[in-house]
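Before any comments, here is the structure.
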Amino acid sequence: MSNIPIVYITDDNYVMPTIVSITSLMENMEKSHPVFVLGINLSEKNKDYFKVFKNIELLDLENKYKDLDLKHLYVSKAALFKFDLAEIFKNYDKVLYLDSDILILRDFSKLLKTDIEKYYAAVVKDISAFLRGDAQKIGLGKNYFNSGMMLLNTKKMRQDNIKEKLIKTRLNSSSKKFMDQDTFNIVFKDCVKFVNPEYNYLVTNSKLTPSTVKHFFKVKKISPAILHLTYLKPWKYEGVSYSKEWMKYYNLSPFKNERLNLEKNTEQFKIYNKTKFGDRWVIDFFKVRFSYKKGGKDFRFFYP
């Protein structure tokens with residue numbers, strides 16, 4: 001277990017949150033693990049930030065995917081280097097991949113002990129993708145997972161020639177919603193092991209009632225170890241979910257002396273908010289949440 005590397009991917013746009021994520025990792029893991037950062041076309045200044053850390057190796061890579069004809073509003077093409085992880089880390093049978101907008105809140109060594117010999121990865125289901133209907137569009141329903149945390153069986157991925165399948169699937173996909181996530185779900189499909197949501201707890205889950213989230217994951221409580229900041233980013237907006245936790249590690253990071261120019265979070269002042277989830281509308285009004293179907297049918301105070 002101690003030899004399982006933890007891997008991040010970043011370009012110049014995401015160096016700062018990557019550094020903060022690594023800082024939270026270093027502060028909370030009881031045992032050290034080799035950490036690799038795939039830096040895609042990084043400037044010399046940004047490369048220097050990683051030199052502060054011990055036990056980190058920065059792999060300087062050119063973006064071979066930059067000319068692919070893909071459009072995505074939120075995710076850099078650097079994310080496609082996830083397809084290459086099994087080949088880049090040929091000396092490892094397992095690799096833990098983490099997105100840069102992740103915060104480590106406590107030790108997650110138990111996750112690294114997960115037996116995935118028969119699976120491509122250990123992953124966490126994505127409840128929001130299911131409720132929005134994204135998962136159903138590719139035929140996965142509740143078994144759709146978020147690719148921001150993946151404990152990958154790189155040995156099996158190499159044996160089954162998964163890299164080529166991932167690239168071929170992405171090139172033939174019309175999806176513009178996710179750069180890599182739909183692709184991993186289509187290719188890995190039923191060959192994944194679902195683990196506790198504490199290992200990839202999405203901040204977007206907070207838009208749902210706690211009872212809905214616990215019922216979906218069939219757990220009595222959730223205490224996030226790996227927090228995924230999937231909504232408004234605390235390095236961009238004031239007063240968003242988990243801002244205090246993120247700032248704690250920002251102030252311990254090499255960026256601590258650089259001022260953040262945060263925008264106001266207008267959502268926190270909204271008395272009324274309406275969001276579409278699948279065939280239902282979810283409304284927040286004066287901190288009361290309820291939902292209904294089109295035409296005002298099936299009115300509920302709790303969702304779904």
Side-chain angles (χ1 to χ4, degrees), residues 3-15 17-19 21-22 25 33-43 46-47 50 55-72 74-102 112 116-117 119-124 138 145-173 175-189 191-193 200 226 228:
N3 202 34
I4 297 175
I6 298 171
V7 179
Y8 290 86
I9 301 173
T10 189
D11 56 18
D12 280 332
N13 296 318
Y14 251 72
V15 165
T18 304
I19 290 284
S21 182
I22 292 172
L25 174 73
H33 294 267
V35 177
F36 293 90
V37 177
L38 306 189
I40 314 303
N41 293 347
L42 294 186
S43 68
N46 281 330
K47 290 177 188 177
F50 293 99
N55 199 35
I56 285 188
E57 184 173 347
L58 176 65
L59 304 182
D60 191 17
L61 302 175
E62 293 292 321
N63 193 352
K64 62 181 180 180
Y65 294 112
K66 64 182 179 181
D67 296 324
L68 288 185
D69 186 21
L70 302 172
K71 296 180 180 180
H72 192 283
Y74 311 109
V75 181
S76 165
K77 290 181 183 178
L80 296 180
F81 276 85
K82 293 182 191 179
F83 298 166
D84 294 317
L85 292 177
E87 302 302 321
I88 293 173
F89 297 97
K90 287 183 177 180
N91 295 329
Y92 295 96
D93 291 341
K94 292 167 73 175
V95 165
L96 177 66
Y97 169 79
L98 296 177
D99 269 358
S100 295
D101 57 348
I102 271 175
L112 301 178
I116 54 172
E117 184 179 0
Y119 304 94
Y120 290 128
V123 292
V124 172
I138 59 174
F145 64 88
N146 181 277
S147 66
M149 183 291 296
M150 296 184 291
L151 178 61
L152 296 167
N153 183 344
T154 47
K155 179 180 179 180
K156 182 172 175 59
M157 289 174 68
R158 288 188 292 269
Q159 290 172 343
D160 294 352
N161 201 28
I162 289 298
K163 174 185 173 181
E164 284 70 21
K165 293 177 183 177
L166 288 166
I167 293 174
K168 183 178 179 180
T169 301
R170 186 63 188 91
L171 288 174
N172 292 329
S173 173
S175 172
K176 295 181 180 180
K177 193 168 186 65
F178 301 110
M179 184 61 76
D180 64 276
Q181 188 163 286
D182 279 357
T183 304
F184 274 109
N185 272 276
I186 292 168
V187 174
F188 284 3
K189 202 171 182 181
C191 199
V192 294
K193 188 170 189 175
N200 187 9
I226 299 176
H228 198 166

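None of the values given here were measured: they were computed from a predicted structure.
The CD atom of Gln159 sits 7.5 Å away from the CG atom of Asn153 when rounded to the nearest 0.5 Å. Here Leu85 contributes atom CG and Lys163 contributes atom NZ; the two are 10.5 Å apart, rounded to the nearest 0.5 Å. Between Lys94 atom NZ and Thr154 atom OG1 the span is 9.5 Å, to the nearest 0.5 Å. Distance CG/Asp99 to NE2/His228: 4.0 Å, rounded to 0.5 Å. For the atom pair CZ (Phe83) and NZ (Lys168), the distance works out to 14.5 Å, reported to the nearest 0.5 Å. Taken from CG in Leu59 to CG in Leu38, the straight-line distance is 5.5 Å, to the nearest 0.5 Å.
Contact between Leu152 and Ala121 at its shortest, heavy atoms only, is CD2-CB, 3.9 Å. Scanning both residues, Ile4 and Leu112, for their nearest heavy atoms gives CD1-O, 3.4 Å. The two residues Asp180 and Ser147 make their nearest non-hydrogen contact at OD2-OG, 2.8 Å. The shortest heavy-atom contact between Ser100 and Thr18 is OG-OG1, 2.6 Å. Counting all heavy atoms, side chain and backbone alike, Ala122 lies closest to Ile116 at CB-CG2, 3.8 Å.
Atom CD of Glu117 has 12 or fewer heavy atoms from other residues, nucleotides or ligands within 6.0 Å. Within 6.0 Å of the NZ atom in Lys47, the count of heavy atoms belonging to other residues, nucleotides or ligands exceeds 12. For NZ of Lys165, the number of neighbouring non-hydrogen atoms (other residues, nucleotides, ligands) closer than 6.0 Å is greater than 12.
Side-chain atoms of Val124 and Ile226, non-hydrogen and from C-beta on, never get closer than 4.5 Å to each other. Within the 4.5 Å cutoff, the side chain of Thr10 has heavy atoms near those of the Phe50 side chain. Counting heavy atoms from C-beta outward, Met149 and Leu96 have side chains that approach closer than 4.5 Å. Here the side chains of Cys191 and Lys156 are in contact, with some heavy-atom distance below 4.5 Å. Here the side chains of Phe184 and Asp182 are not in contact, with every heavy-atom distance at 4.5 Å or above. Using a 4.5 Å heavy-atom threshold, the side chains of Leu25 and Tyr8 count as touching. At least one side-chain heavy atom of Ile22 sits less than 4.5 Å from a side-chain heavy atom of Val37. Using a 4.5 Å cut-off on side-chain heavy atoms (C-beta onward), Asp101 and Pro17 make no contact.
With hydrogens and angles disregarded, no donor-acceptor distance shorter than 3.5 Å links the side chain of Lys90 to the backbone of Arg158. Asp11 places a side-chain N or O within donor-acceptor distance of the main-chain N or O of Asn13, the cut-off being under 3.5 Å. When atom types are taken as modelled, the side chain of Asn55 and the backbone of His33 share a donor-acceptor pair closer than 3.5 angstrom.
Using a 30° and 60° split on the angle between ring planes, Phe188 and Phe145 fall in the parallel class, below 30°.
Tested against Thr183, the residues Leu171, Ile138, Ile167, Leu166 include a single side chain to side chain contact (heavy atoms under 4.5 Å, CB included) partner, Leu166.
At a cut-off of 3.5 Å, with distance as the only test, no side-chain donor of Asp12 or Tyr14 sits close to an acceptor on the other residue. In summary, the side chains of Gln181 and Asn146 do present a donor paired with an acceptor at a separation below 3.5 Å, with no hydrogens or angles considered.
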After noting the C-alpha distance and the side-chain angles of Val95 and Phe36, does the key distance pass the side-chain contact (heavy atoms from CB on, under 4.5 Å) rule? CA-CA 10 Å; Val95 165; Phe36 293 90; over 6 Å; no

